[in-house]
Amino acid sequence: MMEVSPSENVSLREFGCEQTLLSRPDGSASFVQGDTSVMAGVYGPAEVKVSKEIYDRATLEVLVYPKVGLPGVRERSQEQCVRETCEASLLLSLHPRSSLTLILQVLHDAGSLLSCCLNAACMALMDAGLSMSCLFCGVTCAISTEGEIITDPTAAQEKESRALMTFAIDSKEHRVMMSSTRGSFSVQELQQCIAISQKASEKIFQFYRDSVRRRYSKNL
Amino acid sequence: MIFSYNLPLYIYIIITSALVNLGLFLFQKENCRPDGRELFEFRTTTLNIGSISTADGSALVKLGNTTIICGIKAELANPTTDAPDKGYIVPNVDLPPLCSSRFRPGPPGEQAQAASQFIADVIESSDLIKTEDLCIERGKLCWVLYCDIMCLDYDGNILDACIIALLAALKNTQLPEVAVNKETCLPEVDFEKRQRLRIHRHPVGASFCVFDDSILIVDPTAEEESLSTAHLTVVTDEEGRLCSVHKPGGTPLSGEKLQECINRATARQREIHKLINKVLDSVKTAQ
C-alpha cells in the first residue's frame with residue numbers, strides 16, 4: 001500500500017459555501033472552489049411517478065445543467081456518478097415510494113467540476129435535512145506531464161495534465177465511493193492519488209463542519 | 001400462512017427479493033455463484049471477428065449470454081479547425097428494447113449514454129488509435145470512424161463486452177487508400193488497396209460488483225448487477241497501465257480491495273489479448 005509522506009502538503013483552492021439560499025427547494029447550497037461554482041437544489045421526499053416508483057426506497061433523480069446549452073452525454077455520465085454516490089450515502093429506505101430530485105446548475109467551470117458538483121450535492125442534501133449514513137466529498141487530482149500530483153486543479157492545469165482522476169470519499173472511513181478517471185496512469189500513481197485525496201478530504205470535511213457551525217451559530 | 005391471497009403485491013415482492021438475497025448470500029458462503037462460477041471467474045468469452053461483411057470492421061462478442069456486436073464505418077470528412085491534423089472516432093452504444101425488458105423504445109436512456117461516454121473516454125485515455133493516423137491531408141481531409149456498438153442480449157457486464165467488441169472490430173478494420181487529386185481537389189478512393197488500422201494499445205476491461213461492502217465478484221450477470229451495492233470497471237492495457245478506473249458511486253471500497261481488482265484486470269487483459277490475436281490469425285488463414 002502506498003503511503004504519502006507527511007511533508008507532501010495538499011493544496012486546495014479557496015472554498016466557499018452558502019446554504020439555504022433558494023426559497024423554493026427543500027434544501028439548497030452553492031459551492032465554490034476557486035473560480036468553479038455550482039448551485040444545488042433538492043426537492044423531496046415528494047410524490048413519485050408510478051413508472052419510477054421503487055417499492056422499498058425513494059427514487060433519486062439527479063439533473064446536471066451546464067452553464068450554456070442543453071445537457072448532453074457528458075452530463076448524463078456526471079449525473080450517474082453523482083446519483084449513485086448520493087444513493088449510497090442517503091438512507092433511501094426511510095422514504096419508500098417517494099421521489100427525491102437533486103438539481104445541479106453549473107455556474108462556472110474552472111476545473112475540478114465533478115468534485116465541486118459532489119460537494120454542492122452533499123451540502124444541499126444536508127440542508128434538506130435528509131438522513132444520511134455518511135457524508136461524502138469530491139476531490140480531483142491531476143498528474144502533470146512531469147509526474148507531479150496536483151490536487152484541485154484549475155481548467156488550465158487539467159488541460160495540460162497527463163491523467164485526471166476524481167474521487168468521492170466518504171466521511172466514515174475515508175474510503176473511495178466514486179472514481180472517474182481520464183488518461184492513463186500506473187497502479188502506484190492511482191494509489192498515491194487516492195491517499196492524497198483521502199488527506200484532502202479531511203480538509204473538506206473540516207470545512208463542511210465549520211460552515212455548518214457558522215450557519216447555526218448565526219441563527220441561534 | 002405468509003402466502004395468503006389478501007397480502008398487498010409489494011409484500012410479495014419484498015419476500016421474494018429477500019429470498020433471492022438470502023440465496024445469493026448462501027451461494028457466496030461457499031465461494032460459488034448461482035451459475036456455478038467462482039467469485040473471480042469470468043463467463044466463457046466467445047469472439048467472432050468480421051461478422052458484418054458490409055462494415056469496414058466488425059466483431060461479435062459473447063460473455064455468457066451477454067451478446068454485443070460492433071461495426072466500424074469509416075467516412076471521409078473535414079478535420080475540425082482546432083485539430084487540423086487529426087481525424088476522429090465517434091463511438092455509440094445502443095441498448096435497444098430487443099436486448100432486455102428494462103429498456104424502452106425511444107431516445108437512449110441514461111445507461112446507454114453513460115456507456116457511450118465511458119467508451120469514448122477509454123478510447124481517448126488509452127491512445128488505442130492515434131487520431132493523427134486518421135488524417136489524410138492536413139486541414140482538408142480525414143477519416144471519421146463511427147463505432148456502432150449494439151447490445152443484442154443483455155445479461156450484465158456490457159462494458160467489458162463493449163470494449164472487447166470495439167477492440168476486435170478496430171483490429172479488423174481495413175481502410176481503403178485515398179489520394180487527393182491535385183487538379184480537381186477531389187478525393188479518389190481506391191477500394192482495392194486496403195490497409196489495416198494501427199492499434200497502439202490494447203485496453204481490456206474487467207468489471208466487478210460489490211455485495212454487502214465486502215464480497216467482490218467479477219463479471220456480474222444482470223441479476224447479480226441489480227442486487228449489488230456498487231459496480232467497478234477497471235481498464236488496463238498490455239503494459240499494465242490503467243486506462244480507466246470507473247466506479248460510479250455505490251458503497252465505498254478500500255485501497256486493498258481495489259488492488260485485488262486491478263490484479264484480476266491485468267490477468268484478464270492478457271487472456272483477452274491472446275484471444276483476439278488467436279481469432280484474428282484464424283480469420284487470416286481462412287482468407
- [ ] For the pair A/Ser99 and A/Thr59, evaluate side chain to side chain donor-acceptor pair (under 3.5 Å) and give the outcome as yes or no after the intermediate values.
- [x] CA-CA 5 Å; A/Ser99 91; A/Thr59 310; over 6 Å; no
Task: Part of A/Gln198 within contact of chain B (heavy atom distance under 4.5 Å) - done: neither
Open item on the list: Treating A/Ser89 as the side-chain partner and A/Leu135 as the backbone partner, does any N or O pair qualify as donor plus acceptor under 3.5 Å?
Closed with: no
TODO: Name the option with the most non-hydrogen atom pairs under 4.5 Å to chain B; the candidates are A/Glu173, A/Gln78, A/Arg182.
DONE: A/Arg182
Task: A/Gln80 versus chain B, the contacting section by heavy-atom distance below 4.5 Å - done: both
Open item on the list: Heavy-atom pairs under 4.5 Å with chain B - which of A/Val176, A/Val187, A/Thr85 has more of them than the others?
Closed with: A/Val176
Open item on the list: Here's a test for you: under salt bridge (Lys or Arg N to Asp or Glu O under 4.0 Å), which of A/Glu148, A/Glu189, A/Glu146 qualifies with A/Arg162?
Closed with: A/Glu189
Open item on the list: Shorter than 4.5 Å, heavy atoms on both sides: which option in A/Met165, A/Arg83, A/Glu87, A/Lys172 has the most such pairs with chain B?
Closed with: A/Arg83
Open item on the list: Distance alone, cut at 3.5 Å: any donor-acceptor contact between the side chains of B/Ser125 and A/Ser184?
Closed with: no
Open item on the list: Tell me which of these, B/Gln111, B/His231, B/Glu239, B/Arg241, has more heavy-atom pairs under 4.5 Å with chain A than the rest.
Closed with: B/Arg241
Task: Of all pairs that satisfy ring pair (Phe, Tyr, Trp, His ring centres under 6.0 Å), the ones with a partner from residues 135-183 of chain A, not counting sequence neighbours - done: A/His174-A/Phe205
Task: Audit row: B/Asn157, B/Thr66, side chain to side chain contact (heavy atoms under 4.5 Å, CB included) steps and yes/no - done: CA-CA 8 Å; B/Asn157 199 10; B/Thr66 299; 5.5 Å; no
Task: Structural part of B/Ser126 lying under 4.5 Å from a heavy atom of chain A - done: neither
Task: Cation-aromatic face contact B/Arg264/B/Phe208, 6.0 Å, 45 degrees - done: no
Open item on the list: I'd like to know which of A/Ser77, A/Gly183, A/Ser186 tops the heavy-atom pair count under 4.5 Å against chain B.
Closed with: A/Gly183
Open item on the list: Which atoms of B/Ile262 are under 4.5 Å from chain A, going by heavy atoms: the side chain, the backbone, both sets, or neither?
Closed with: side chain
TODO: Answer with yes or no whether the side chains of B/His200 and B/Asp133 bring together a donor and an acceptor at under 3.5 Å.
DONE: yes
- [ ] Measure distances from B/Glu124 to the heavy atoms of chain A and classify the residue's part below 4.5 Å as side chain, backbone, both or neither.
- [x] side chain
TODO: Against chain A, work out which of B/Ser116, B/Ala112, B/Gly240, B/Gly250 has the most heavy-atom pairs shorter than 4.5 Å and name it.
DONE: B/Gly250
